[in-house]
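This report concerns only the one structure given below.
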Amino acid sequence: DTGVSQDPRHKITKRGQNVTFRCDPISEHNRLYWYRQTLGQGPEFLTYFQNEAQLEKSRLLSDRFSAERPKGSFSTLEIQRTEQGDSAMYLCASSLLAGEKLFFGSGTQLSVL
Amino acid sequence: GQQLNQSPQSMFIQEGEDVSMNCTSSSIFNTWLWYKQDPGEGPVLLIALYKAGELTSNGRLTAQFGITRKDSFLNISASIPSDVGIYFCAGQLGGAQKLVFGQGTRLTINP
């Protein structure tokens, strides 16, 4: 069990650029979650996958955001035409079963200049 | 938006003191989880609670799932410097897969 892995750990980009983050969940976990966390706040839910199916998306996930989990293993989160308000920590988590505890990765800190 | 009210927002204590923090909600939750987060890192799971009234310990940490299923508390006994960080409660609503997080309690320990 190597834990949830996220890459990159930090990303600095200019406004208007596209960015993509990757998450590798714990290997036997079929549920994968993306959260966003801004300074001084708790994580906020963005979207959730069960295997390769994206089952729920938050209203926070605007049209500029897209997430995929093509083979039910790793996932990517892409933000197009980044805005300064997108600056945040993007966290990935995974769980084995519904209702089970979520294990988080170390996050990707995005700074949009 | 957030549906959990976590208090206090911050605590400043002396090393060796006991700590208590809690989380309340207007909604009924099926699961309560407590996480600790260090700067620049993701939240680390401390304790998971699955039944109303459940009291669970993890070393010096003890957490309880409230009888009404609308609240939970976390106690830390005999605090040590490595307890410094931000503690989050999180609840899972019935039928929903996602967790809802509180705003966090920032713990600072004076040596």
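First the proteins, then the strands, lettered A, B, ... as listed; each starts at 1. Basis for what follows: all heavy atoms, side chains included, without hydrogens, waters or symmetry-related copies.
In the hydrophobic clustering of ILVMFWY residues, with side-chain heavy atoms under 4.5 Å counting as a link, B/Leu33 and A/Trp34 come out apart. Transitive grouping of hydrophobic side chains (ILVMFWY, heavy atoms separated by less than 4.5 Å) brings A/Leu60 and A/Phe21 into a common cluster. Note on B/Val19 and B/Phe73: separate hydrophobic clusters, where clusters join Ile, Leu, Val, Met, Phe, Trp and Tyr whose side-chain heavy atoms are under 4.5 Å apart, directly or indirectly. Two different hydrophobic clusters hold A/Tyr90 and A/Phe74 under the rule that ILVMFWY side chains link at heavy-atom gaps under 4.5 Å.
In this structure, chain B has no heavy atom under 4.5 Å from any part of A/Gln50. Only the side chain of B/Gln37 comes within contact range of chain A, with at least one heavy atom under 4.5 Å from a heavy atom of that chain.
Under the ring pair (Phe, Tyr, Trp, His ring centres under 6.0 Å) rule, B/Phe101 has a single partner from A/Phe45, A/Tyr35, A/Tyr33, which is A/Tyr35.
Smallest separation of non-hydrogen atoms from B/Pro43 and A/Phe104: O-CB, 3.4 Å. When all heavy atoms are compared, the tightest approach of B/Gly42 to A/Leu91 is CA-CD2, 3.8 Å.
Atoms CG and CG, on B/Leu99 and A/Leu102 in that order, are 4.5 Å from each other to the nearest 0.5 Å. Distance check, rounded to the nearest 0.5 Å: OH of B/Tyr35 to NZ of A/Lys101 gives 9.5 Å. Remark: B/Glu41 CD to A/Arg9 CZ distance equals 4.5 Å, nearest 0.5 Å.
Atom CG of A/Asp63 sits in a sparse spot, with 12 or fewer heavy atoms from other residues, nucleotides or ligands closer than 6.0 Å. The environment of CD in B/Glu17 is crowded: more than 12 heavy-atom neighbours from other residues, nucleotides or ligands sit within 6.0 Å. By the 6.0 Å contact criterion, CD on A/Glu68 is open, its count of non-hydrogen atoms from other residues, nucleotides or ligands being 12 or less.
Of all the listed residues (A/Gln109, A/Met89, A/Gln37, A/His10), the one sharing the greatest number of non-hydrogen pairs under 4.5 Å with chain B is A/Gln37.
Between B/Leu45 and A/Phe103 the shortest side-chain heavy-atom distance falls below 4.5 Å.
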